[in-house]
Amino acid sequence: MRERLVVSVAGKGGVGKTTTSALLTRAVIEKTKRSLLVVDADPVMNLPRALGIEIPTSVGDIASRLRKSIDEGSLGGEVAKQDILEGEIYEALVEGEQFDFLAMGRTEGEGCYCYVNRLLTQIIDNLSKNYELTLLDMSAGLEHLSRRTNRNVDVLVIVLDPSRAAYEAALRIRDLAKEVHIDFKKIVVVGNRFLPEMEDDLQKKLEEENLPLFGMIPNDDELSKANYLGQPLTELNSDSPAVQAVEKIAEKLGLLSEAAMLKLLGKDT
Ligand SMILES: Nc1ncnc2c1ncn2[C@@H]1O[C@H](COP(=O)(O)OP(=O)(O)O)[C@@H](O)[C@H]1O
Ligand SMILES: [Mg+2]
């Protein structure tokens, strides 16, 4: 059986998770023909714009509808709920030529809707089995990490910008990832917008924490401009520094080839 790689991008708010996710997506679709599911797991839902796509609805909206039906008592037993949610989730799946896309939206309900959330986890896990790669743009809140979408995750990418808060959040995310039952094969760090002269120091600090620094994304004026104009990052020039940096990171993460992926997972022997 072929390995399924699930990469989750996490980190404090504003550090560059969505930017990293969008540029990783870009690298995969430009360099490979691998089947890819991209999931925006952040309720803020910035990723569709960064990728230049429109979404019809979100998983959260569909789940809210289901909750309403449950409250109104217009649904049958457990099986019916699972079937309905599983069937309707496809309404939110955007099937593109180069990748498929799913926006989670807001999935938390009032009161105890644990079983709806549990159903969601199962459905997303099932869905990702249909793809060679799944890429998740996580929310800044850490709660997502302990639940739902990234249960069978292989790789966790923690994005950092040059701030103490981002660094502390990174360590918390690392600790949480260990506490909860997520079997990450690898947890790596990507530094975003650091000055080149800060790299050595960052590397040393992370080494003491046993966290490998997997790459650095430079501050990129072209990216800022695209962001200001609301242009998708998929349209950035391929020689833009951030695009180039993330391509390297994608290769190291095993996103661009089966061989690199097996190497990353330590299965290349
Ligand atoms: N390397 C970079 N160069 C220039 N602007 C960047 C860079 N990384 C992120 N940004 C900008 O910083 C803001 C926050 O980035 P974003 O990826 O949305 O963070 P997050 O998803 O972690 O909240 C965005 O406006 C984005 O365009
Ligand atoms: Mg974001």
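Note that the coordinates shown come from a computational prediction; the quantities given were computed from them, not determined experimentally. Both counts, for ligands and for their atoms, begin at 1 and track the order of listing.
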For [X], state whether at least one heavy atom is located under 4.0 Å from any atom of ligand 1.
| X | answer |
| --- | --- |
| Asn192 | yes |
| Gly14 | yes |
| Pro218 | yes |
| Ser224 | yes |

One thing to verify: whether Glu88 and Arg65 come together as a salt bridge, which I'm taking to mean a side-chain N less than 4.0 angstrom from a carboxylate O.
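The answer is yes: the pair qualifies as a salt bridge.
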Checking the side chain of [X] only, and the main-chain atoms of [Y] only, is there a donor and an acceptor separated by less than 3.5 Å?
| X | Y | answer |
| --- | --- | --- |
| Arg106 | Pro43 | no |
| Glu132 | Leu36 | no |
| Arg26 | Leu236 | yes |

Counting only heavy atoms closer than 4.0 Å, does ligand 1 sit against the backbone of Asn219, its side chain, both, or neither?
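Near ligand 1, Asn219 shows its backbone as well as its side chain.
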Does Arg193 approach ligand 1 within less than 4.0 angstrom via side chain, backbone, both or neither, non-hydrogen atoms only?
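It is the side chain that gets close, since no backbone atom is under 4.0 Å.
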In one Ile/Leu/Val/Met/Phe/Trp/Tyr side-chain cluster, 4.5 Å: Leu206, Leu195:
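As far as the 4.5 Å side-chain criterion goes, Leu195 and Leu206 are connected within one cluster.
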Side-chain heavy atoms under 4.5 angstrom apart, residues restricted to Ile, Leu, Val, Met, Phe, Trp, Tyr: same cluster for Tyr167 and Met198?
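Yes: a chain of side-chain contacts under 4.5 Å links Tyr167 to Met198.
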Hey, is ligand 1 close enough to Val15 that some N/O pair sits below 3.5 Å?
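Between Val15 and ligand 1 (N or O atoms, distance only) the closest approach is under 3.5 Å.
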Report yes if some N/O of Gly16 lies less than 3.5 Å from some N/O of ligand 1; otherwise report no.
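Yes; at least one N/O pair falls below 3.5 Å.
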Might you point out which heavy atoms bring Glu95 and Asp100 nearest each other, and give the distance in Å?
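For Glu95 and Asp100, the tightest heavy-atom pair comes out as CA-OD1, 3.3 Å.
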Counting non-hydrogen protein atoms only, what is the nearest one to [atom]? Give residue, atom name and distance.
| atom | value |
| --- | --- |
| atom 26 (C) of ligand 1 | Thr19 OG1, 3.7 Å |
| atom 18 (O) of ligand 1 | Thr18 CB, 3.9 Å |
| atom 24 (C) of ligand 1 | Asn227 ND2, 3.8 Å |
| atom 3 (N) of ligand 1 | Asp220 N, 2.9 Å |

Name the one of Val189, Ile173, Val188 that satisfies side-chain contact (heavy atoms from CB on, under 4.5 Å) with Leu156?
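Result: among Val189, Ile173, Val188, Ile173 is the only option passing the side-chain contact (heavy atoms from CB on, under 4.5 Å) with Leu156.
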Atom CD of Glu197 with >12 non-hydrogen neighbours under 6.0 angstrom:
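Counting other residues, nucleotides and ligands, CD of Glu197 exceeds 12 neighbours.
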Determine whether more than 12 heavy atoms belonging to other residues, nucleotides or ligands lie under 6.0 Å from atom NZ of Lys205.
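Enclosed.
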Are Asn46 and Thr18 linked by a side-chain donor-acceptor pair shorter than 3.5 Å?
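No.
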List in chain and number order the residues that pass side-chain hydrogen bond (donor to acceptor under 3.5 Å, both in side chains) with Ser163, two or more places apart in sequence or in another chain; answer none if no residue qualifies.
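Ser163 satisfies side-chain hydrogen bond (donor to acceptor under 3.5 Å, both in side chains) with Asp161 once adjacent residues are dropped.
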Work out how many protein N, O or S atoms lie closer to the Mg ion (ligand 2) than 2.8 Å.
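Every protein N, O or S atom under 2.8 Å from the Mg ion (ligand 2) counted, the figure is 1.
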